[in-house]
Amino acid sequence: MVNEKSVDSYHQLLESGTISKRQAQVYEAIMTLEKCTNRQIAQALGWDINRVTGRVSELREKHVIIYAGDYKDSETNRTVNLWKIK
């Protein structure tokens, strides 16, 4: 279940022009997934991973998402970052 404060924050970011359309799509995916990796975001959006990583970096620079821990990705056998809404 998505936190109502997160939804309000999302709408404010969109209306103010703080985030772009693509950033908003990534933000919404993170909001829905709660804690997720770049790969999980890409899968949820049906995008290539390279479209996601740049948007995640931009959202981190804008301080709207934050690091949420490490995750062992079974597909790549690597430890990757988890992201969540700030």
Side-chain angles (χ1 to χ4, degrees):
M1 183 176 187
V2 177
N3 183 321
E4 189 174 323
K5 289 180 183 177
S6 295
V7 173
D8 290 342
S9 177
Y10 167 73
H11 288 293
Q12 289 174 353
L13 290 168
L14 274 177
E15 290 171 9
S16 68
T18 302
I19 60 175
S20 70
K21 179 182 173 185
R22 298 285 183 236
Q23 291 168 349
Q25 290 173 294
V26 170
Y27 184 94
E28 188 174 342
I30 296 169
M31 187 171 42
T32 302
L33 295 167
E34 296 181 4
K35 288 184 181 178
C36 53
T37 67
N38 289 348
R39 181 178 304 283
Q40 291 168 334
I41 297 166
Q43 289 172 343
L45 294 172
W47 292 3
D48 291 332
I49 189 98
N50 62 334
R51 286 182 67 192
V52 171
T53 55
R55 303 308 72 76
V56 166
S57 294
E58 293 163 359
L59 291 170
R60 285 180 55 220
E61 288 172 10
K62 293 178 183 218
H63 305 286
V64 295
I65 65 170
I66 58 173
Y67 170 78
D70 292 329
Y71 176 79
K72 182 72 171 192
D73 188 327
S74 59
E75 283 187 50
T76 63
N77 202 31
R78 293 182 178 182
T79 301
V80 297
N81 295 325
L82 283 170
W83 306 110
K84 68 178 183 178
I85 301 300
K86 184 173 178 183

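Values below: all heavy atoms of this structure, side chains included; hydrogens, waters and symmetry mates excluded. Treat the numbers as computed from the prediction; the structure is a model and nothing was measured.
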- Task: Take Arg22 and Trp47 through the test side chain to side chain contact (heavy atoms under 4.5 Å, CB included) and record every step on the way to the result.
- Result: CA-CA 11 Å; Arg22 298 285 183 236; Trp47 292 3; 3.8 Å; yes

- Name all pairs fulfilling the salt bridge (charged side-chain N to carboxylate O under 4.0 Å, His left out) condition that reach into residues 35-60, sequence neighbours left out, sorted by first residue then second.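 Qualifying pairs, neighbours excluded: Arg39-Asp73, Arg55-Glu58.
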
- Message: My understanding is that only residues two or more places apart in sequence, or in another chain, count here; which of them pass side-chain contact (heavy atoms from CB on, under 4.5 Å) with Glu15?
- Response: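 side-chain contact (heavy atoms from CB on, under 4.5 Å) list for Glu15, sorted by chain: His11.
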
Once you round to the nearest 0.5 Å, how far does [atom1] of [X] lie from [atom2] of [Y]?
X	Y	atom1	atom2	answer
Ile30	Ile66	CD1	CD1	11.0 Å
Gln43	Cys36	CD	SG	11.0 Å
Gln23	Glu61	CD	CD	9.5 Å

- Query: According to a 4.5 Å side-chain heavy-atom criterion applied to Ile, Leu, Val, Met, Phe, Trp and Tyr, with indirect links allowed, do Val52 and Tyr67 form part of one hydrophobic cluster?
  - Reply: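 Yes; tracing contacts between hydrophobic side chains, which count when under 4.5 Å, links both residues.
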
- Task: Report yes or no: do Tyr71 and Met31 belong to one cluster of Ile/Leu/Val/Met/Phe/Trp/Tyr joined by side chain heavy-atom distances under 4.5 Å?
- Result: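 No; tracing contacts between hydrophobic side chains, which count when under 4.5 Å, never links both residues.
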
- Item | Considering all heavy atoms, the nearest Ile41-Ala29 contact |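 Residues Ile41 and Ala29, closest heavy atoms: CG2-CB, 4.1 Å.
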
Please list every donor-acceptor pair under 3.5 Å in which a side-chain atom of residues 76-85 meets a protein atom from a residue at least two apart or in another chain.
from, atom 1, to, atom 2, distance (Å)
Thr76, OG1, Arg78, N, 3.4
Trp83, NE1, Asn38, OD1, 3.0

- Query: For Asp70, which residues count as a salt bridge (charged side-chain N to carboxylate O under 4.0 Å, His left out) partner, sequence neighbours excluded?
  - Reply: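 Per chain and number, Asp70 pairs via salt bridge (charged side-chain N to carboxylate O under 4.0 Å, His left out) with no residue.
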
